[in-house]
Amino acid sequence: MEEIFQLAVAENVPVVLWSGLMNRKWAKKFKEAGIKIIFRAVTPTAENTRETIEAGVDVIIATGFDEGGTIPAKVIGTFAILPLIVDAADGKVPVVAAGGLVDKRTVRAAFDLGAEGVYAGTAFLATEESPLAENIKQDMLKYDADDLLMFRAPNSFYRSLPGELPEKLLEMDKQGKSAAEIWAAAGDYNCLLYGMHDGDLSRGIASFGLGISSIHSIDPVSVVVDRLNSGVIA
């Protein structure tokens, strides 16, 4: 963290995205250096929202179970966790919504529930500029949320498009294997590189959020930005 902090100061970075657990000592150092903090708890709660506001964060990301990547440990969907976090923030800092936000409808719904911004991942993976393997991009268009395979992993869960390794991991989960055993069989975080970048689902996984159901084309990033912005409520 010290190296990251020193680099941010040296490069005059105005804002940092902090994901994980809040540490008041480091929050104070970043704030004293004039750097704003966007904080994203892995599993958001009303309690850690209030704690991070007291620590001085400037923006909070409310992540729902709909997201891709490391899913929150609590099974609370985006449109249930978002108003809870908005209420906990009590207008002291803006709240940004994350999880399943890919188009005008979902962004508008997030703003209706009190969000002042959106944090999108899957929407930008389905772009021409994305470094995803081409076969994985095409698979994104073939599958919906109910096709994704979910299995335990350290911290919580992971989802993946169907494939040889993901199906093996799902079977291990059904057999009662531990999260550590399942993640070891996946190959740790290298499984994301092999699956998403290399397009090899025999030794990797391809993780996406539930918004995949509303993605029907691979478009330029500019089109995706305009699509998301069209749902913003001023």
Side-chain angles (χ1 to χ4, degrees), residues 1 4 16-21 38-44 61 63-75 77-78 96-102 118-175 177-215 217-219 221 224:
M1 182 68 94
I4 293 173
V16 294
L17 172 64
W18 182 330
S19 182
L21 301 174
I38 300 174
F39 182 74
R40 185 189 191 202
V42 175
T43 300
I61 297 176
T63 304
F65 199 73
D66 311 59
E67 75 145 344
T70 303
I71 305 171
K74 291 191 174 183
V75 187
T78 300
V96 171
L101 307 174
V102 298
V118 296
Y119 182 96
T122 297
F124 288 103
L125 291 173
T127 59
E128 293 174 1
E129 295 90 337
S130 165
L132 282 183
E134 190 59 35
N135 64 307
I136 299 299
K137 289 184 184 182
Q138 294 308 309
D139 280 350
M140 288 184 71
L141 307 182
K142 289 166 36 181
Y143 292 113
D144 292 326
D146 57 2
D147 297 311
L148 299 180
L149 309 181
M150 190 173 74
F151 46 86
R152 284 174 297 151
N155 297 321
S156 55
F157 308 90
Y158 257 82
R159 291 191 187 91
S160 176
L161 297 180
E164 183 180 335
L165 180 60
E167 286 163 10
K168 172 186 174 183
L169 302 176
L170 178 62
E171 185 58 33
M172 290 180 68
D173 193 320
K174 290 179 179 178
Q175 292 171 358
K177 302 295 184 183
S178 70
E181 289 176 303
I182 294 170
W183 199 236
D188 206 348
Y189 286 99
N190 283 331
C191 66
L192 295 165
L193 173 67
Y194 299 144
M196 301 181 80
H197 182 272
D198 298 347
D200 185 357
L201 295 181
S202 70
R203 62 176 188 145
I205 68 174
S207 178
F208 299 100
L210 300 184
I212 193 173
S213 301
S214 299
I215 293 175
S217 59
I218 304 300
D219 298 311
V221 165
V224 173

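Just so you know, these numbers use all the heavy atoms, side chains as well, and skip hydrogens, waters and symmetry mates.
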K.L.:
With side chain to side chain donor-acceptor pair (under 3.5 Å) as the criterion, how do N155 and T70 come out once you've worked through the C-alpha distance, each side chain's angles and the decisive distance to 0.1 Å?
P.N.:
CA-CA 8 Å; N155 297 321; T70 303; 5.5 Å; no

K.L.:
On a heavy-atom basis, which atom in I205 and which in P166 lie closest, and how many Å separate them?
P.N.:
CG2-CG, 4.1 Å

K.L.:
First locate atom OG of S156, then atom NZ of K74, and finally report the distance between them rounded to the nearest 0.5 Å.
P.N.:
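Separation between the atoms: 13.0 Å.
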
K.L.:
L165 and A185: which non-hydrogen atoms are nearest, and at how many Å?
P.N.:
CD1-O, 3.9 Å

K.L.:
Can you tell me if L17 has over 12 outside heavy atoms packed within less than 6.0 Å of its CG?
P.N.:
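Result for CG/L17: enclosed.
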
K.L.:
Roughly how far, to the nearest 0.5 Å, is the CG atom of L132 from the CG atom of D198?
P.N.:
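If we round to the nearest 0.5 Å, D198:CG and L132:CG are 11.0 Å apart.
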
K.L.:
Kindly indicate, with the supporting measurements, whether the criterion side chain to side chain contact (heavy atoms under 4.5 Å, CB included) is fulfilled by Q138 and I218.
P.N.:
CA-CA 8 Å; Q138 294 308 309; I218 304 300; 4.3 Å; yes

K.L.:
State, to 0.1 Å, how close M172 and E181 come at their nearest heavy-atom pair, and which atoms those are.
P.N.:
CE-O, 3.7 Å

K.L.:
Any side-chain heavy atom of L161 within less than 4.5 Å of one from L148?
P.N.:
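SC-SC contact between L161 and L148 confirmed.
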
K.L.:
Has S207 got a side-chain atom pairing as donor or acceptor with G69's backbone, closer than 3.5 angstrom?
P.N.:
yes

K.L.:
How long is the straight-line distance from CE of M140 back to CE of M196, given to the nearest 0.5 Å?
P.N.:
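M196 atom CE to M140 atom CE measures 7.5 Å (nearest 0.5 Å).
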
K.L.:
How many angstroms lie between atom CG of L201 and atom SG of C191, to the nearest 0.5 angstrom?
P.N.:
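So the CG of L201 and the SG of C191 are separated by 10.5 Å.
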
K.L.:
How close do P162 and E167 get, counting heavy atoms only, and between which atoms?
P.N.:
CB-OE2, 3.9 Å

K.L.:
Of all heavy-atom pairs between D147 and K142, which one has the smallest distance, and what is that distance?
P.N.:
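It is OD2-O, 4.4 Å.
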
K.L.:
Going by heavy atoms in the side chains, are D173 and M150 under 4.5 Å from each other?
P.N.:
no

K.L.:
Decide yes or no for I215 and L141: does some side-chain heavy atom of the first lie under 4.5 Å from some side-chain heavy atom of the second?
P.N.:
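SC-SC contact between I215 and L141 confirmed.
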
K.L.:
What's the separation between atom CZ in R152 and atom CD1 in I182, rounded to the nearest 0.5 Å?
P.N.:
4.5 Å

K.L.:
Contact between V96 and I38 at the side-chain level, heavy atoms closer than 4.5 Å - yes or no?
P.N.:
no

K.L.:
So do the side chains of K177 and L169 get within less than 4.5 Å of each other, counting heavy atoms only?
P.N.:
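Sidechains of L169 and K177: no contact.
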
K.L.:
Mind checking the NZ-OG1 spacing from K137 to T127? Nearest 0.5 Å is all I need.
P.N.:
5.5 Å

K.L.:
What pairs of residues pass the ring pair (Phe, Tyr, Trp, His ring centres under 6.0 Å) test when at least one of them lies in residues 127-160, not counting sequence neighbours?
P.N.:
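The answer is F65-F157, Y158-W183.
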
K.L.:
Using modelled atom types and a 3.5 Å cut-off, is there a donor and acceptor pairing between side-chain atoms of T122 and backbone atoms of F208?
P.N.:
no

K.L.:
Output yes when a side-chain donor or acceptor of D188 lies under 3.5 Å from a complementary backbone atom of N190, and no otherwise.
P.N.:
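No; judged by distance alone, with no hydrogens or angles, the pair does not exist.
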
K.L.:
Ignoring hydrogens, what is the shortest heavy-atom contact between V42 and P44? Give both atom names and the distance.
P.N.:
O-CD, 3.7 Å

